[in-house]
There are 4 protein chains.
Amino acid sequence: MTQHETSTAAIDPGTWHEGRVGLWLIGARGSIGTVVSVGLHAMLAELAPPTGCTTASEAFAGVPLPAFADLVVGGHDVSTTPLRQRAHELVESGMLAHRFVATADDALARTDAEIRPGYDPTTHLGSQADAVRRMAADITAFREGHGLTHVVVIDISSTEPILEDHVEFHDADLLTAALEDPDRALLPPSSIAALAAIESDSAYACFTPSAGLGLPTLRALATERGIPYAGQDGKTGETLLRTALAPMFMARSMRVLSWAGTNILGGGDGATLADPEAVRSKLATKTRGLVSLVGDHVVAPLHIDNVPDLGDVKTAWDHIHAEGFLSSRITTQTIWSAYDSMLAAPLILDIARLLALAAADGQRGVVPEFGFFFKDPWGSDVHDFSQQTVALRDWAHATGARVHAAAQTAVTPA
Amino acid sequence: MTQHETSTAAIDPGTWHEGRVGLWLIGARGSIGTVVSVGLHAMLAELAPPTGCTTASEAFAGVPLPAFADLVVGGHDVSTTPLRQRAHELVESGMLAHRFVATADDALARTDAEIRPGYDPTTHLGSQADAVRRMAADITAFREGHGLTHVVVIDISSTEPILEDHVEFHDADLLTAALEDPDRALLPPSSIAALAAIESDSAYACFTPSAGLGLPTLRALATERGIPYAGQDGKTGETLLRTALAPMFMARSMRVLSWAGTNILGGGDGATLADPEAVRSKLATKTRGLVSLVGDHVVAPLHIDNVPDLGDVKTAWDHIHAEGFLSSRITTQTIWSAYDSMLAAPLILDIARLLALAAADGQRGVVPEFGFFFKDPWGSDVHDFSQQTVALRDWAHATGARVHAAAQTAVTPA
Amino acid sequence: MTQHETSTAAIDPGTWHEGRVGLWLIGARGSIGTVVSVGLHAMLAELAPPTGCTTASEAFAGVPLPAFADLVVGGHDVSTTPLRQRAHELVESGMLAHRFVATADDALARTDAEIRPGYDPTTHLGSQADAVRRMAADITAFREGHGLTHVVVIDISSTEPILEDHVEFHDADLLTAALEDPDRALLPPSSIAALAAIESDSAYACFTPSAGLGLPTLRALATERGIPYAGQDGKTGETLLRTALAPMFMARSMRVLSWAGTNILGGGDGATLADPEAVRSKLATKTRGLVSLVGDHVVAPLHIDNVPDLGDVKTAWDHIHAEGFLSSRITTQTIWSAYDSMLAAPLILDIARLLALAAADGQRGVVPEFGFFFKDPWGSDVHDFSQQTVALRDWAHATGARVHAAAQTAVTPA
Amino acid sequence: MTQHETSTAAIDPGTWHEGRVGLWLIGARGSIGTVVSVGLHAMLAELAPPTGCTTASEAFAGVPLPAFADLVVGGHDVSTTPLRQRAHELVESGMLAHRFVATADDALARTDAEIRPGYDPTTHLGSQADAVRRMAADITAFREGHGLTHVVVIDISSTEPILEDHVEFHDADLLTAALEDPDRALLPPSSIAALAAIESDSAYACFTPSAGLGLPTLRALATERGIPYAGQDGKTGETLLRTALAPMFMARSMRVLSWAGTNILGGGDGATLADPEAVRSKLATKTRGLVSLVGDHVVAPLHIDNVPDLGDVKTAWDHIHAEGFLSSRITTQTIWSAYDSMLAAPLILDIARLLALAAADGQRGVVPEFGFFFKDPWGSDVHDFSQQTVALRDWAHATGARVHAAAQTAVTPA
Ligand SMILES: NC(=O)c1ccc[n+]([C@@H]2O[C@H](COP(=O)([O-])OP(=O)(O)OC[C@H]3O[C@@H](n4cnc5c(N)ncnc54)[C@H](O)[C@@H]3O)[C@@H](O)[C@H]2O)c1
Ligand SMILES: NC(=O)c1ccc[n+]([C@@H]2O[C@H](COP(=O)([O-])OP(=O)(O)OC[C@H]3O[C@@H](n4cnc5c(N)ncnc54)[C@H](O)[C@@H]3O)[C@@H](O)[C@H]2O)c1
Ligand SMILES: NC(=O)c1ccc[n+]([C@@H]2O[C@H](COP(=O)([O-])OP(=O)(O)OC[C@H]3O[C@@H](n4cnc5c(N)ncnc54)[C@H](O)[C@@H]3O)[C@@H](O)[C@H]2O)c1
Ligand SMILES: NC(=O)c1ccc[n+]([C@@H]2O[C@H](COP(=O)([O-])OP(=O)(O)OC[C@H]3O[C@@H](n4cnc5c(N)ncnc54)[C@H](O)[C@@H]3O)[C@@H](O)[C@H]2O)c1
Ligand code: NA
Ligand code: NA
């Protein structure tokens, strides 16, 4: 294509002109990571349509996003179990259909070759700053090796216990000193990974309730360095349902008095959340949105139980008591049942595509419109899922239009 | 602005300057009608806040709507059971708390005195046009007797069987002829009532799935005569839930494969719907919105069963099967349980207030933004409840601003 | 009646010949106690049939049990709120229908006059033995004042925290010494009440999970003194359902892998169980039966949440995962919703009638066949509800036959 | 006893001494038939334990029943789709785990070779008596070919429409004449199959709601010919749950006012039941037991909907409204979800083993104790599942003891 052939007509507003995009997963060998890799293979092999991918819907038509074929996956993990094996285990457990995994061996091996050891505080030698540098170097090598225009780092590693506050989280200099001290291990692994994203100039998203990039000094640093980022804690099941449903009661001026919930699940996430410390961070993010939507008078007991025999299926029962006209009682119960990681994986692909767009647009700092994807949206107080849907679509079209216009300018001779 | 300053201050944008408003209920002695009357009493006596009234929420602050105290209730009914007695029956059945009814005797007696005999095809003598004239005269007398600026007619009478199409429904002259023929009874009672609303220059809403004003010639006539109207079939329970929930699946690009539902209820509505003909019209309006939201591939068996021992509580179970990423199965079940008429009554008050506003603004014909209230919105294809919520609020504020501006102009000396 | 009128024919095997029976309730002014008193009034006034009373069913026809009219209620409580007021509060909350309470004032006042102050460890002066003597004297005075043949003491007072073991619970002499020591308060109130029952020669049942008569030395003493007793913790809702359902899975050789449960409730019991210590004893008794029925491999997380806005309605959701043929998955969910005290009250009447029968038969010590009524049956490992049903019926008929035969012998001249 | 001591020792009361047993399935290539064949293979290959087989539980220890290895499967079907293909389809649909089918090809091929064409009224030439003779000959050839001591015929073919009554069903001579008339096709296929069972001296069970052996003349004939038989309509899901639960309400003297139910399923059975005629027979058998357990005042609307996307999973929602003490409301909801054929298959194996035992004992005519397996038990009015459980166990042990004693006698020299 010569420069002259390029014209306004030639540039479809929905076409991505920014080259290949790296998707760097912290926890790449976990359940979600495995489904992401199998799913990319299945879609490229035309075994499966992009059902569950928000960005593949009509509402995003015309937005210039990287195609699924433009994504290259790599990541960090502390596990060494190969993706291929994880994938077959997920077939055994009933989560993945055999037909998607049957032909995926080569693709999974290729991705596995791009996975580097994650930061493991129990074995790491040297300062935390060393760890950040090593991991940033891994990402940079990945970017350069594949000639990627953008890399998006997404944290899907195991949920960490709630982090206590420290003075270093509020003071950049103190933090720097602490990180260089080989005798201290101040930051949790998720924040080490977030720093590596910043250091390597990657966009970043936090899909877990762990600290990640959520500390004040880190957020300031990310904005300063000009990376776009979003979080926190993927909204996939019970909380998704809640934020779709709660506004209905409010729109009808009902008073939600209580919203009790119980989640039961097995699998890796079930085992992690059996730890009462880990579950505390999860429970906190889950309740925040509800209170914001219906008011802080709401009584909202919430449980997550590890029930190993259920495997990766998560079932959630919610009991909602609302008061209507003349104090009358409305009770609504919801029962949600699904493979949690199957809900999460397409969102990871959505986030990667959309953060690449944000990066192409040169956005810096938190992107509040990504609240659509998260239980505890950074940079936003909006929890109403339909409002989030509108906000994300509007953002994508406006950003896409700018990126498109810029591309057009770039290729159009003066 | 000098003396004008007073007037600006005097006109609160949220204040209604149009005098008292008549609320004329077709089926005024039914379950919903009784709750409307008891509720108005309870709110005026400060025994109950307007919980469940959409127009009483923050989102409508500043919109000039008639106060509850501005509403005067009358109506038509074929039943002669006094409101007082119905109210006490509803206490007995557990629907209404005794405290709201205890002091309502006088208020209910006053309303009862404003209820005129409805059109009963089995006993009516003369042409249907005579019936329309008699009923329009009832409404006009009510308007004049109370010095009302606006009257809003709302049909909350028993659901009628599905109506077969007739050539007269499409040709005004043929319809007129048929109505004057004393030997024909072409129109169902709900349409006779709608004509009476038109004849008496009242705004009109159809809260039932019956034909009402929904026939082409009648709708044309209403628009021509300049009355604002809205419909159809109040959206209060299972369908409300569905239209709040279905968009969530779509926003996440899931494919809803089936949505099965069962409703069980007793009470008057249960008995009516035990008639397989009556239930057909209800089932039709209930399914329409779902198909429009998730696609017509959806398998959506739906049942309504009369279970007399349940009384006025309606319980609905829905089972939703959606397909997500890599064909994975998501099942969601909802169980909704509430006193149906307690959900409906506050909406009747909302519709009355908002149609009075439309009338004050001189709106003519269908008001599509009232889709918020209805299973099968007239003049609109929007079923998504959050979109309807935004549309109604926007409409109310825009209309209110115009009415306010007009009121201001009116009081401002030239 | 002269001796001659007495004949075999004259003695209906189902007729009670033992005079009036005292029903002494520990916690008589609580929710259950109030329903018991209102219910007795309603049945005697023929406002209500004995629905919910097991002993009033066909299966117990022919068993000589005291009639409801033979029961005289008294009790201990630490609350001074009159029954009348409690009853009206229960009407307000929707639990009791107004019609049952409307005419009950006199009856409730009469019962109130029979209620004596319970043992309150925070205010009691003197030794615990003093407390036992005072309470036993209250019961004896009640028996004598009303000329009662038998008194049945039933503990329906607030659930106590789990009790730690003490050496005195296993050694009668040590216990006696501890009780006489005015500086010690070794036993919980429920055990003080149980001792008062023993001291006053009353039959005894423990409807709560508290210690009550459940301590080894107390049980030995009860048997030695010859009183019949039964326990523990009324089986009314979720646990009833579980013990009816679990045997079904076993009969079909399915393997129950997990049985997760959540209870939500408000009211007095909800508030008590909000205390994590109190709830522990409840959770323990609830799980015991399940494990015994399906095996100790079962994963059975269980929660009880205090949700005040729900009032006295308790709702329980259970999720059961069983494995069937070729490892196939069977999931069963149950949702139970009812006023807890309305389930309990008729059982109190049943227990009173049946323990009076046991006393008439001269039974001493634990009566294992009462397991039908309890979550954690004393003297029995049978939790299967249908087996318990058969056992109780058989026991009642066999005991009734003996009591009948003895009565016949007594009145028949040699 | 001298040499006899050996024989006593040699005859374990739980050992079967009657040789191999034929299991002849009408509808052998259907979903249940396929699972039966795969399951037998899996158990013999020690890939799976007999979970779900009642007769494999402790409660049947000591009863001399044929081992699974003693069963030889054959049958009739009108479908020609090989078992192997059906089995792989059931893997694809998620019902069967791949590991059970992976090594089953040979075993399934062997069984397939024993399946003969079923009676197809649309293609059959000749009289119905010819069809009976041909099918009886198939069974006899099977018996002789494999040297089987007993053959048990079980009908698991597609549910037929409700059969209208005919005079021939009550008069053996008229029936014989009708069957020999080549121009009449009086009996449905299920009854032709039942006659073939009688003609071939096989025991018989009807697992469907179709007529089968249920016609008066056929039942008389079966008894006369001395075959043991049982029916009707396998009790596997919602009805099983109902008959386990309903007695609980009765034992506690509650009054069950309504029991509403909805079933949704896809798969072969879903498609068959989409036919309103076929579903009528199913609905009839499902409701009969409920009415018998809780009284005929119960309001019990029941639906079965074909929802193809659900595949072979059947989900049933039941809503039970019971009245308790002082008219209080108890609501219980149950949601049952399972692969229907996986529930049925082990029962087919149980019935085969137990009917072989009945035959070994020389029982003639209906065996009422098999009610345990059926929605609409022949020869019995007992629907209470726990009563049925006890009855079946007692029957098995008593019958087993007789069979054992006879075997012992047989081997003991005079
Ligand atoms: N629907 C959802 O699945 C959902 C929704 C919201 C949030 N999340 C969160 O996503 C995360 C992943 O979920 P999952 O089901 O895939 O869990 P998983 O346990 O299967 O995978 C977690 C992976 O993280 C790896 N890991 C642990 N520590 C690490 C470290 N220091 N560095 C790099 N990798 C590390 C583990 O080895 C593992 O491979 C969890 O935190 C979960 O709470 C999931
Ligand atoms: N949540 C809800 O309650 C809800 C939602 C949507 C629609 N609706 C519809 O609202 C209507 C009213 O419900 P309801 O529960 O009050 O029913 P209801 O049976 O208690 O009351 C209906 C009233 O209409 C009267 N009526 C019947 N024919 C009449 C006629 N020809 N003219 C005048 N009056 C007549 C009856 O006498 C009765 O008083 C029904 O059509 C129902 O389907 C209700
Ligand atoms: N279905 C059921 O309701 C059910 C089932 C099983 C067990 N129980 C148990 O029954 C008990 C009563 O339940 P409720 O709902 O009536 O509770 P409640 O709180 O309404 O009543 C408890 C009563 O006990 C009294 N009390 C407290 N301490 C006492 C003392 N030391 N001596 C005498 N009285 C004392 C209180 O004042 C109160 O009146 C609870 O322990 C509960 O756990 C109830
Ligand atoms: N839990 C359960 O699955 C359950 C419970 C109770 C009853 N049943 C009944 O069991 C039967 C079988 O269920 P399924 O799921 O295996 O159904 P299916 O449709 O998979 O199988 C039925 C089989 O019967 C065959 N068939 C049809 N007409 C025949 C004829 N005239 N002669 C011989 N074979 C014939 C069909 O070809 C098919 O192979 C149905 O009637 C069903 O209602 C099943
Ligand atoms: Na419309
Ligand atoms: Na029968």
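Here is the naming used below: chain letters follow the sequence lines, and residue numbers restart at 1 for every chain.
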Interface moiety of [X] toward chain A, non-hydrogen atoms closer than 4.5 Å:
X        : answer
B/Val35  : both
B/Leu240 : both
B/Ala338 : both

Considering only heavy atoms and a distance below 4.5 Å, find which of [options] pairs most often with chain A.
options                      : result
B/Leu245, B/Leu347, B/Leu343 : B/Leu347
B/Ile335, B/Ile320, B/Leu349 : B/Ile335
B/Phe325, B/Phe100, B/Phe249 : B/Phe325
B/Ala244, B/Ala251, B/Pro247 : B/Ala251

Hey, which of A/Ala97, A/Ala48, A/Cys53 has the most heavy atom pairs under 4.5 Å with chain B?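 Counting heavy-atom pairs under 4.5 Å, the top option is A/Cys53.
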
Would you mind telling me which of A/Gly237, A/Ala42, A/Pro346 has the largest number of heavy-atom pairs within less than 4.5 Å of chain B?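 Greatest number of close heavy-atom pairs with chain B: A/Pro346.
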
Distance check, rounded to the nearest 0.5 Å: B/Leu90 atom CG versus A/Leu326 atom CG?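 So the CG of B/Leu90 and the CG of A/Leu326 are separated by 11.0 Å.
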
Polar contacts chain A-chain B (donor-acceptor, d < 3.5 Å, no H, no angle):
from	atom 1	to	atom 2	distance (Å)
A/Gly52	N	B/Ser253	O	2.9
A/Cys53	O	B/Ser253	OG	2.8
A/Thr54	OG1	B/Ala251	O	3.2
A/Arg99	NH2	B/Ser327	OG	3.3
A/Lys235	O	B/Arg252	NH1	2.8
A/Lys235	O	B/Arg252	NH2	3.1
A/Ala251	O	B/Thr54	OG1	3.2
A/Arg252	NH1	B/Lys235	O	2.8
A/Arg252	NH2	B/Lys235	O	3.1
A/Arg252	NH2	B/Phe372	O	2.8
A/Ser253	O	B/Gly52	N	2.8
A/Ser253	OG	B/Cys53	O	2.8
A/Ser327	OG	B/Arg99	NH2	3.3
A/Thr331	N	B/Ser337	O	2.9
A/Thr331	O	B/Ser337	N	2.8
A/Gln333	N	B/Ile335	O	2.7
A/Gln333	O	B/Ile335	N	2.8
A/Ile335	N	B/Gln333	O	2.8
A/Ile335	O	B/Gln333	N	2.7
A/Ser337	N	B/Thr331	O	2.8
A/Ser337	O	B/Thr331	N	2.9
A/Phe372	O	B/Arg252	NH2	2.8
A/Ser386	OG	B/Ser386	OG	3.1

Side chain, backbone, both or neither: which part of A/Leu47 has a non-hydrogen atom closer than 4.5 Å to chain B?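 No part of A/Leu47 comes within 4.5 Å of chain B.
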
